[in-house]
Amino acid sequence: MTIKRTIDQIHELYASGESTPGEITKAALDRIERDNAGLNAFLMVDREGAERRAKAMNAGIKADLTHKPLAGIPVAIKDNLCAEGLRTTCASRILGNYVPPYTATAVRKLEEAGAIIVGKTNLDEFAMGGSTENSAFGPSRNPWNVDYVPGGSSGGSAVAVAAGHVPVSLGSDTGGSIRQPASFCGIVGLKPTYGRVSRYGLVAFASSLDQIGPLANNVRDTARMLQVISGHDRYDSTSANVEVPDYLGALTGDIKGLRIGVPSECFGEGLDAEVREKVEAAIKLLEDRGARVVEVSLPHTRYVVAVYYIIATAEASSNLARFDGVRYGFRAEESRTLSEMYRRTRDEGFGAEVKRRIMLGTFVLSSGYYDAYYEKAQRVRAMLVNDFAEAFRKCDVIATPTAPTPPFRIGEKSDDPLAMYLGDIYTVTINLAGVPAISIPCGVSKDNLPIGIQFIGPHFEEARLLNAAYAMEK
Ligand code: GLN
């Protein structure tokens, strides 16, 4: 069993001189090497680069601790985030051996804060999925039980943290891809407000929904990561010019008087009995700590999966048009005409789920169907934003399950896309409304698999979510 260390614990080892970034990083790389054949969390490990950067930090580490919040911390990043010189695949064949010439803003900020990027983690191809089974390079496995999925699409980033390879990682969340794998792997995952974190350098899936966010073993590390990656970026016009508060400082654990909204629509049909029991017990615990439970309503909940899969696939079909065999790595061989080259490259390069979504997205955007599907979905999206505005008049945070079931077996849903999509019922609404949400562990099923609770807050109120999560963690 691996010892899991938090950022604070690693920093204590540095401060006392008991360890160095070189040693901690080498230990992380050794564990990854030992485990990766079984867990498949990493698609690429940058041993040489990580060791070199870590060793270079050894001498100055005590000084760095005073001003670099992630000094000497090994970090893993999802393989849809660009880092200069490191192969980026999005777990797809179509990118071939694409090596980006630039670094995503969130990744650059990690590096400036002293983090050491050790590798790129596995995901559902182009972040489309909820189990990491859609990776062209094989599924990741849940460290709690390797017969089960770790969730997705940021499955590799969740496994890397849950298995103790790295204390923290980055994922991306378009409809739950940080929160659901965090829930399935028994760790913390946060989807920031749309615009809180720059998307520059994140390979786009659905641009109006995508956000980068942290996964960690505890709330403090999550807060610290968010602190580092947040803020306005002139390279992303949708990043928000809104002041970034002190997230670590907000962690008081005091939730007296906090109004927790519980939407009945999220506790009805389709919710696993064990998940309901654990989530309700967690809410009760917060009540015992001084929070007040109030009933709220999210009346459009039954439409959210349909709305999400119209809007997300529409945007995806447009974003993926750029993969044509000309601009990026992979190109099918021996085509006689240009259009045949496009067709064969995309046929051989994309996996089944990505193709399904391109077809769905193209269909809902096509003339004659645009009004019936895409435009209607946009209208319902506006209503969802309104639902949250109404709910947040009555409460400070909303609590729901993160996923309707505990982790499922590898292969259990992979032939049934609709069953997979329905698993996103509690997470996609948050991206459609652009609000922030966090998943934190709230129990374990009778099969010894983790269950998570989700807290949702108003725009830019991540500090409030983190503190509610912190109170529960304590
Ligand atoms: N499971 C959802 C989907 O398949 C969410 C994915 C994500 O957040 N990237 O689209």
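Starting from 1, each residue takes its place in the sequence as its number. Just follow the structure's listing: the first ligand is 1, and inside any ligand the first atom is 1.
Every atom of ligand 1 with a heavy atom of Gly175 under 4.0 Å away is listed here by number and element: 5 (C), 7 (C), 8 (O). Atoms of ligand 1 found under 4.0 Å from any heavy atom of Asp173, numbered from 1 in the order shown, are 8 (O). Near Ser153, meaning under 4.0 Å from one of its heavy atoms, ligand 1 places the atoms 9 (N). Within ligand 1, the atoms closer than 4.0 Å to a non-hydrogen atom of Tyr309 are 1 (N), 2 (C), 3 (C), 4 (O), 10 (O), numbered from 1 in the order shown.
In terms of polar-atom proximity, defined here as any N/O pair under 3.5 Å, Gly129 does make such a contact with ligand 1. Where the criterion is an N or O separation shorter than 3.5 Å, residue side chain and backbone included, Phe205 fails it with respect to ligand 1. Some N or O of Ser177 is nearer than 3.5 Å to an N or O of ligand 1, by distance alone. When only interatomic distances are considered, the shortest N/O to N/O separation between Gly176 and ligand 1 falls below 3.5 Å. Residue Asp424 places at least one N or O, backbone or side chain, under 3.5 Å from an N or O of ligand 1.
Outside the 6.0 Å centre-distance limit, the rings of Tyr98 and Phe330 are not counted as a close aromatic pair. Taking the centre of each ring, Phe126 and Phe323 come in below the 6.0 Å mark.
At a cut-off of 3.5 Å, with distance as the only test, no side-chain donor of Ser239 or Ser198 sits close to an acceptor on the other residue. Judged purely by distance below 3.5 Å, without hydrogens or angles, the side chains of Ser157 and Lys78 never pair a donor atom with an acceptor atom.
In this structure, Tyr308 is part of the shell of residues with a heavy atom less than 4.0 angstrom from ligand 1.
Glu112 meets the salt bridge (charged side-chain N to carboxylate O under 4.0 Å, His left out) test with Arg108; sequence neighbours excluded. In this structure, the salt bridge (charged side-chain N to carboxylate O under 4.0 Å, His left out) partners of Arg356, at least two apart in sequence or on a different chain, are Glu353.
The protein heavy-atom contact nearest to atom 4 (O) of ligand 1 is Arg357 NH2, 2.7 Å.
Within the cation-pi definition used here (under 6.0 Å to the ring centroid, within 45° of the axis), Lys413 qualifies as a partner of Phe408.
Summarising the geometry of Val296 relative to Ala391, their closest heavy-atom pair is CG1-O, 4.0 Å, with the distance given to 0.1 Å.
Of all the heavy atoms of Ala127, the ones lying under 4.0 Å from any atom of ligand 1 are found in both the backbone and the side chain.
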